[in-house]
2 protein chains.
Amino acid sequence: MKRTIVIFGALIVALLGLMQLGKYVLVRDTSSAEWIIAAIAVAFFFIGILINRKSQQAETLKAGKASPSQLNALGLSKREYEVLIHLSEGHSNKEIADLLFVTESTIKTHVSNILMKLDARRRTEAIAKARELHLITQ
Amino acid sequence: MKRTIVIFGALIVALLGLMQLGKYVLVRDTSSAEWIIAAIAVAFFFIGILINRKSQQAETLKAGKASPSQLNALGLSKREYEVLIHLSEGHSNKEIADLLFVTESTIKTHVSNILMKLDARRRTEAIAKARELHLITQ
DNA sequence: TCAGATTTGGTACTTTAGTATGAGGATGCT
DNA sequence: AGCATCCTCATACTAAAGTACCAAATCTGA
């Protein structure tokens, strides 16, 4: 999260720098100014998507209702809990990977760790145990 | 998804329009050009957030859709329902087979039928849907 | 700032799950 | 008795899941 702020700050600085550059370019060549503005617009468009994506991941965590102490007792990390939630929703490893913007490999690692920590041999057993422990609501 | 493309296209057109406007403004006053660029950047930043949020809302909608319950309506047989219960308890096909004194083959057939009738692609998805339909308690 | 935990990702396998298809016996309804 | 449905089981695959190790980049708490 800290890194996001740093990156965003750097982008602001970069934008200001571009503006200083623009002072000399814009007055001379109007057609190239169009491209610079377009680039800035597109860049910020995607930055908006990225930042929003980050914050929505945080919301997903808050949505699940498990106390940090509970997770701590089991040794489940934040990310692992997040995967566990998607698991209980019936998603495949590939689907979870796409939802969290990582590879299927990563999800397999997380799932393996979840199974170990919940002492389960299958994802369905992990879901059942998580429900018993009230890690999952509904 | 089509609408997203249309919206994005409209934004591009709007950007081009702004540029045409910029041709007359920028060349005259350089300091105001900075503000225009900043405004465009900020605007696209939030547009990025909005579009991203729209697409995520659509996914959420698809996920939550409950249809009329009861076994009969779904066409689930008694035996299939029995298997479904064991499924939700986290048992493997082999374990369920032993619990019900039949072969794993038989359980596979039952599970396949359950998946078809619940319109699920995985046992975990079937469990999630069965829970939504209150076929499974707790 | 440094160690330990977390997150991510890969390769190479083994094991379960799930699909498609067919088929015989049991059951219930008319 | 006849027909539909259910339950059972099998074979032969394909597709996911899961295991075991390893490795590197990040984060976090002292």
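Chain letters run A, B, ... following the sequence lines, proteins first, then strands; residues in each count from 1.
- Side-chain proximity of Ser77(B) to the nucleotides dT7(C), dC7(D), dG18(D) is greatest for dC7(D).
- Minimum atom distance to the side chain of Ser112(A) is reached by dG18(D), of the listed dG18(D), dT7(C), dT8(C).
- Comparing atom distances between the Val102(B) side chain and each of dA17(C), dT8(D), dT19(C) picks out dT8(D) as nearest.
- Using a 4.5 Å cut-off on side-chain heavy atoms (C-beta onward), His91(B) and Thr124(A) make no contact.
- The side chain of Thr109(B) lies closest to dA10(D), out of dT7(C), dA10(D), dG10(C).
- Ser105(A) comes within 4.0 angstrom of a nucleotide base, judged by non-hydrogen atoms across all strands.
- Each of dT19(C), dT7(C), dT19(D) was ranked by its minimum atom distance to the side chain of Leu115(B); first place goes to dT19(C).
- Under the 4.0 Å criterion applied to side-chain N and carboxylate O atoms, Glu89(B) and Lys129(A) are not assigned as salt-bridge partners.
- Distance from the side chain of Thr106(A) is smallest to dT8(C) among dT8(C), dC9(D), dG18(D).
- Proximity of Lys94(B) to Asp98(B): side-chain heavy atoms (C-beta onward) are separated by under 4.5 Å at one or more points.
- Using a 4.0 Å heavy-atom cutoff across all strands shown, Thr103(B) reaches sugar-phosphate atoms only and no base atom.
- The residue among Arg122(B) and Phe101(B) whose nearest nucleotide of DNA chain D is located toward the 5' end is Phe101(B).
- Considering Glu80(A), Lys78(A), Arg79(A) in turn, Glu80(A) is the only one that fulfils the side chain to side chain contact (heavy atoms under 4.5 Å, CB included) rule with Leu76(A).
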